Amino acid sequence: MSQMSIGKVVSRSFLSRPATRLYPFEKRPFYKATRGAVAIDIEKCILCGICQKRCPTAAITVTKATKDWQINRLRCISCGACVDACPKKCLWLENMYSPAVVQKGADDKFHQLDKPGLETTKA
Amino acid sequence: MMVHVEEQSLVVVDKGQIVDKATQMSKEGFRLVQISCLAKDSYEVTYSFDKNYACAHVRVVLPKDNPELPSITGAYFAAFTYENELQDLFGIKVSGLALDFKGKFYKLSVKTPFAPQPQQPAQ
Amino acid sequence: MATRTIVPFGPQHPVLPEPIHLDLVLEDEKVISAIPSIGFIHRGLEKLVEKKDFLEMTYVAERICGICSFIHGQSYCQAIEGVMKIDVPERALYLRTIWGEMSRIHSHLLWLGLFADGFGFESLFMHSWRVREKLLDLIEETTGGRVIFGTAKVGGVRRDMESLTLKRVEDELKIIEKMSHELTDVFKKDSSVKRRTVGKGVLSKEDAITLGAVGPTVRGSGIASDMRKLGYAAYGKISWEPVIETGCDCYARCMVRCRELYQSFDMIYQAMAKIPDGPVDVKVTGNPNGEYFARVEQPRGEVIYYVKGNNTKNLERFRVRTPTFANVPPLVKMLGGCELADVPVIVLTIDPCISCTER
Amino acid sequence: MSFFKKSPWVIHYDGSSCNGCDIEVLACLTPLYDIERFGIINTGNPKHADVFLITGTINEQNLEVVRNIYNQMPDPKVVAAIGICATSGGIFRECYNVKGGVDTAIPVDIYIPGCAVRPEAIIDGVVAALGVLEKKAAALKTMKASA
Amino acid sequence: MKTALCVVAWVVIAPFLGGLLAGVDRIITARMQSRVGPPLLQPFYDVLKLFGKQGVAVNVFQNYYMVCFLVFVIVTGALFFSGGDILLTIFALAVAGVFFALGAFSPNSPYSNIGAERELLQMMSYEPILIIAAIGMFMVTKSWHVHDIAGFQKPLFVFLPGVFLAFLFVLTIKLRKSPFDLSTSHHGHQELVKGATTEFAGPSLAVIEIAHWYENVLLMGFVYLFFAFNWVVAIPAVLVAYFIEIFIDNTYARLTWHFTLKSSWIVAGVCGVVNIFLIAFLVK
Amino acid sequence: MNILLFLLLFPAAMSLVFAILPANTFRNALVRISCLLIAAGSVYAAFVFNGQGYQSFKVEFPHIDMIFFGGEMLLSLFLLYKCIGIKKHEWYIPALIIVQAGIMAYCEMSGAVPEVDNALYIDNLSIIMALIIGIIGSVICYYAISYMRDYHHHNPQMKDRQRSFFFILFFFLSAMFGVVFSNNLVWLYLFWEITTLSSFILIGYPKTEEATRNAYRALGLNLLGGLGFAGGILYLVKFCPEHTVDLARVIASGPGLMLIPVVLISFAGVAKSAQMPFSSWLLGAMVAPTPVSALLHSSTMVKAGIFIIIKFAPVLSGTWAGYFLALIGAVTFLMTSIIAVTQSNAKRVLAYSTIANLGLIVACAGIGTYETLWAAVLLTIFHAVSKGLLFLGVGSIEHKIGSRDIEDMDGLIVNRPGLAVVMLIGILGMFLAPFGMLISKWMCLEAFVSSSIFGLPTGVLIAMILAFGSAPTLFFWAKWMGKIVSVPAGLAKGEGRVPGDEWTALVVLAVATVATAALFPVISWVSVEPYIVSLYHQTVSLSQGNTIIMSILLALMILLPLSFLAYPKKTKLVPRYLGGANVGDKGEFLGAMGVVQQATMRNYYLAGFFSEKKLTIASVLVTICLIVTMFAVVKL
């Protein structure tokens, strides 16, 4: 039986700098491997819809007719199933998470333009 | 390259024998590992026991209509959790339960969801 | 004399990170009876097999529990591999062992913190989690997630660990191991900790068997039952023995976990030394047909995955019996006659994972 | 000047999440993230709390619990749905016992996505929630003044 | 006139001191846990926020007891700092404590009820030592008056080392610190949720908090008395005592009421009583 | 002197009347008037004699001493008659009666009993006691009118023997006046024995098996004490060189000559005031109807015990025997305070607290310095008022809620606010600053610390015991208050009002409790201090500063509850916290197995921590040792 066994750790902590990461004032870089939000290079996309089929949470909607690739950020579980499935490798997981929102808004929509090379719109 | 498949034995016994079987297992020093059920055309209730890492499964097949089962809580008190689960999720009537939650083990929105035809009227 | 106080303990309660409810009948502060009520997290995910194919179910399995997420995924994969007789590449098995043990270390450190919190030792909680964060960084670096690893895959693992990373991980782990010693010493020796744990929540050896306790709960009662001895993954190829303690009380269960922590470090070092080169997965073709019970040792004890396929994409039955589910009857036994103050300590001592339990 | 922004006390309840988000909420309290820097205390008691952090989906059994806790919190209060399960039901959306995200039970003020959600995301989310809290406090004040 | 000034100073300054003490406490605690911790003025932010919250309650009576609690703590402190009778101060403090317990009993809710019972158990634990401390001070200084005790020219703790030790022991109970934070603690994570304060919200919680500030300053005043012969020694001594309490808070698990009651009576019985008897025979 | 005779004879006369009259409105009116007259008489006596110091009177009546002797013998015969039908193991009761009667007869027959010139006297202590008996005693009798009606209404199986009840009740008062006014110890002895007899009959009133046993136990233990008294008289008559039974002379002779008889008679006081090891009779007395308990605890019987000890305090002062007597009191105080924690029966809690407080008084009187005596007298006053109130309050509550268990008193503040307030005042009076008990306790502490025997700081030990003993008192009173003020969900206002007589009695005592607290500097100044001065030529008085502070505290205690009426009640009411499992707002929650349960809250009785049985045995052993030591050191 010893008294104050944690005393050493506590005193050391008291005298040295805290272990705290001062987020949001100091942001750490995320690891390369970190799974965050799904991103798409819409111009490479062939709108095959495999990602939609493979998505376990049905977060992705691909509309061939309007050439839209949509994702519901509040459904995506960043599992990477779509990334693995994508035949054109145009999907990837960013290492940044998607931000908090005050309102349940519309899906993030990526529209493929007829003329490649022009900008994509984001709703 | 290897495949790890554990050796496991499976015997099928009659509904009437299960209590004796369980008592015998208990006497031999087996531990009750789990009770699971599969409901398709009939109910397959599988009891698993373990001793020294050797797993023995005992299966009872019940008819589709009015499935009933005697409780083995006499031999293994711990079976009450599994048997209550059988009652709540599968609609198998377990008689002689040492600790009977009377269908209140889980609060479900669908009655007996795992039964072949889940009974819909919840509330 | 009507001196009995009836207190609802939970579902919302600060010492419980997860909801479970106990009806506590107290006399002064002595617990006369404690009847548990579960099901607050019951989602019915076993039924999801009807809607998702067997490969997609890996993601569900990983999300059965956020603490032993990886081992859940691994167990599920092992069950499918058992049915389909898939040969998993050796390197994948070693990686599973490494990640599995990292997951165990993270789980045990987390538990140590929560346990300390359960008996009101706030600084010990904080320091345990400080150490755990170091490990989480390693996990994130190697798998991409902090708690949901997302690396399980039927037929192997989804990611490889480069040898350079392996070396770094080993170095980091050695530092973490050193830091952990300072903490486990407190659990082991501190008088106030011992006062709160020794002799509390006794589960005798006989009760442990008849009530079907698993994991550190059963090992704390002096029974060497550790499913890793079945030799799945790489556990058959490294040398280790199950940790047992004979105290049968909360202290013994705590000591089991403290010692397992170092056992896990050792296992990882061994696995890293032996890990062969090669692919990390094989392609899975066809559909599962047949049934299989996979038994895997989680940080909380033995988990059973039962799968039955009927040669379609969707499994016919998918069942998980998680360690906490098996530990509920022993918990009821342990709670009888304890003090109110010991309730959180005893509840935590089985390391309850309610989301596993109720699926 | 309102002090809600400087001292938001939180209560955490696990709806039916997988635990991942819960331990990340707890991780926020621990040394590495230490949200006490912002005056945040995990009170564990609805009557002391300003911010209700809820993880996991709403199911048959916890619906009433969540409502009880919400109703016992004094105004002004905000609700943060943490993790994909809490925001939309996530992977368990189709389970028979799951009703959906938190907004099926109580009004949600902030949705914090992630599976499992990251501590940084929780901090961002709570900071965003404080803006809502401030507004609600101001509204409460004017309501009191007009009453 | 001087007495009146003292009272006014106590009423006005003590909450600020108490709040600052709480702020420092929280920062030191955080540092000991390797955290950064809240800003120094955090306790004030908390209280000001609480005053802005809606006050919910279980019944109309309960908040009122807490107002009484605050009033009595202030009166007790006024008694103490105006140099009044030290025994009377201790008894008045007990009155305040009883009001706190009554407030916790009032809502008839399980956790708050158990908190109230534990609060009373704690009072039962520390009451003997407080009285013994007062007796010891009387025996050395030949006066019951704080005024005279504070004016005693020799270092009191040299005469009363055992009593001082026992007093430090129960100070942990009074400051609601681990290992004796039984009835309500600063940390939310305990088996009683928030114990005695569970059913209090908004302004009444703020009242409780302020009362605790007053109480803490009063207790520091008690510690001061042991070193009152020289304020240059006394003030650091008080701060060191407080620091020791924080350190103990961070190095012990919460113990049960059994242990609290038993140990504090034993400590009072051994350290306190032996000390008193020695004084009785030695100091004439 | 006439007023003394009035107080002595009027209750006795009325008792004979009540022995004849059946319970009807006329009888009730007569009881009320008698109560008023007795109270008025005691106040008048106080008014006349206060400030006149010691006054004694000669009783001119032929053969008065022979009449008293005859009375004693008759009493013994009556008691012997009552012993027909006792159990085998109670053989000691008749034995004690015979021995006592033998001693008295021996003294008388040998013609050695000296004459006492002035058989009656009055001084400030007598006045205080007379006021307690006269006012509180008659308030209790007044209360008894409607209480006994309800009592028989609630217990229809019991035979209505109210005639003998009121007969004994008033006779008892008469005897108590006799105890406090007799200067002749032989007379005092008779009155003393009459109180024993009265309590015996009153305790046995319900005529149940339990009541009868407890009555006999009370009789046996008090007779044991009486033996001490008789022994004291024998010593005075036969062995003492001073050869006197004049109380005033005994006290004036001091410890050198009189210590042995004084210790013997104090032993009788210890038994009568139910100190350990004799405490069991007072606990057994709880079976009697509540007015009896109230009477025994507050104004009669036990007060006779401490009266005699207080009276002898100047003799005991500074002696080892006195010191051990004080230790008996202190140990009793500590132990019974702790045991009281384990009790949930309200009357038992009150009983233990009575024993504890009497222990304190005995401790004060045993030390016998002027400060402790001052405290002892004040304690007696405060205790009488508060305890009377509490017992009567519990009696009314029992009739209204059908239980005397503290656990059943939750929500009293809502469903019976009047009774709740009365009880709260009583409880506050018992333990909290600035009410009387606490003030006195505080003075005791001061006094003990500075007292010493032969330069040894012996009082410190008692002060330490006191420090430990006060803590449990705080605990059990506060938790009782907590029960009363807690507000369970869904509680309606109680039906049926408290009968007018009971209510009047309660209000009178409640006002008296507050008044004694408020006026206690006056009480001390007017009646206690002169008594102390007359004995010690010096006295304590509260410093002005403290008096002011106490007044401020008291004002706060009164003002705070009143200001509640003005306190804003605009709070939003929400259900209590039940871990989120609430069902509705009545304190119910959804428990395991889907059962909706009511959350119940019970107090702590620490039964696993303190055991009533073990503590009782331990303290009985300790106190027996102390008594033996007390007698052993009497020669020192």
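Below, chains carry the letters A, B, ... as their sequence lines are ordered, and counting in each starts from 1. Bear in mind the structure is a predicted one, so any value in this text is a computation, not a measurement.
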Inset, instruction - Side chain from CB out, backbone as N, CA, C, O: work out which of these in E:L102 comes under 4.5 Å of a heavy atom of chain F, or both, or neither. - result: both
Inset, instruction - Tell me, out of E:L79, E:N113, E:T198, who's got the most heavy-atom pairs with chain F below 4.5 Å. - result: E:N113
Legend entry - Heavy-atom contact with chain F under 4.5 Å, split by part of E:W265: both
Inset, instruction - With a 4.5 angstrom heavy-atom cut-off, could you sort out which part of E:L130 is near chain F: side chain, backbone, both or neither? - result: neither
Inset, instruction - Go through the atoms of E:Y111 and report whether side chain, backbone, both or neither lie under 4.5 Å from a heavy atom of chain F. - result: side chain
Legend entry - Residue from F:N415, F:I413, F:D410 passing side-chain contact (heavy atoms from CB on, under 4.5 Å) with F:V487: F:I413
Inset, instruction - Only pairs at least two apart or in different chains count here, so list each salt bridge (charged side-chain N to carboxylate O under 4.0 Å, His left out) that has a residue in residues 52-64 of chain E. - result: D:D50-E:K53
Legend entry - Residue selection (most heavy-atom pairs with chain F, distance under 4.5 Å) from E:V75, E:V67, E:L261: E:L261
Inset, instruction - Going by the side-chain contact (heavy atoms from CB on, under 4.5 Å) test, name the single residue among E:I208, E:L205, E:T197 that passes it with E:M66. - result: E:I208
Inset, instruction - Check whether E:P107 gets within reach of chain F through its side chain, its backbone, both or neither, counting any heavy atom under 4.5 Å. - result: backbone
Inset, instruction - Identify, with sequence neighbours excluded, every residue that meets salt bridge (Lys or Arg N to Asp or Glu O under 4.0 Å) alongside F:E371. - result: none
Legend entry - Contacting region of F:F468 [heavy-atom separation from chain E under 4.5 Å]: both
Legend entry - E:Y65 portion near chain F, given a 4.5 angstrom heavy-atom threshold: side chain
Legend entry - Contact class of E:I129 relative to chain F, heavy atoms under 4.5 angstrom: neither
Inset, instruction - Return the option, out of E:E119, E:R118, E:E199, E:Q54, with the maximum number of heavy-atom pairs under 4.5 Å with chain F. - result: E:E199
Legend entry - Proximal component of E:A268, with respect to chain F [non-hydrogen, under 4.5 Å]: both
Legend entry - Closest-packed option against chain F by number of heavy-atom pairs under 4.5 Å, given E:L120, E:I131, E:I114, E:V273: E:L120
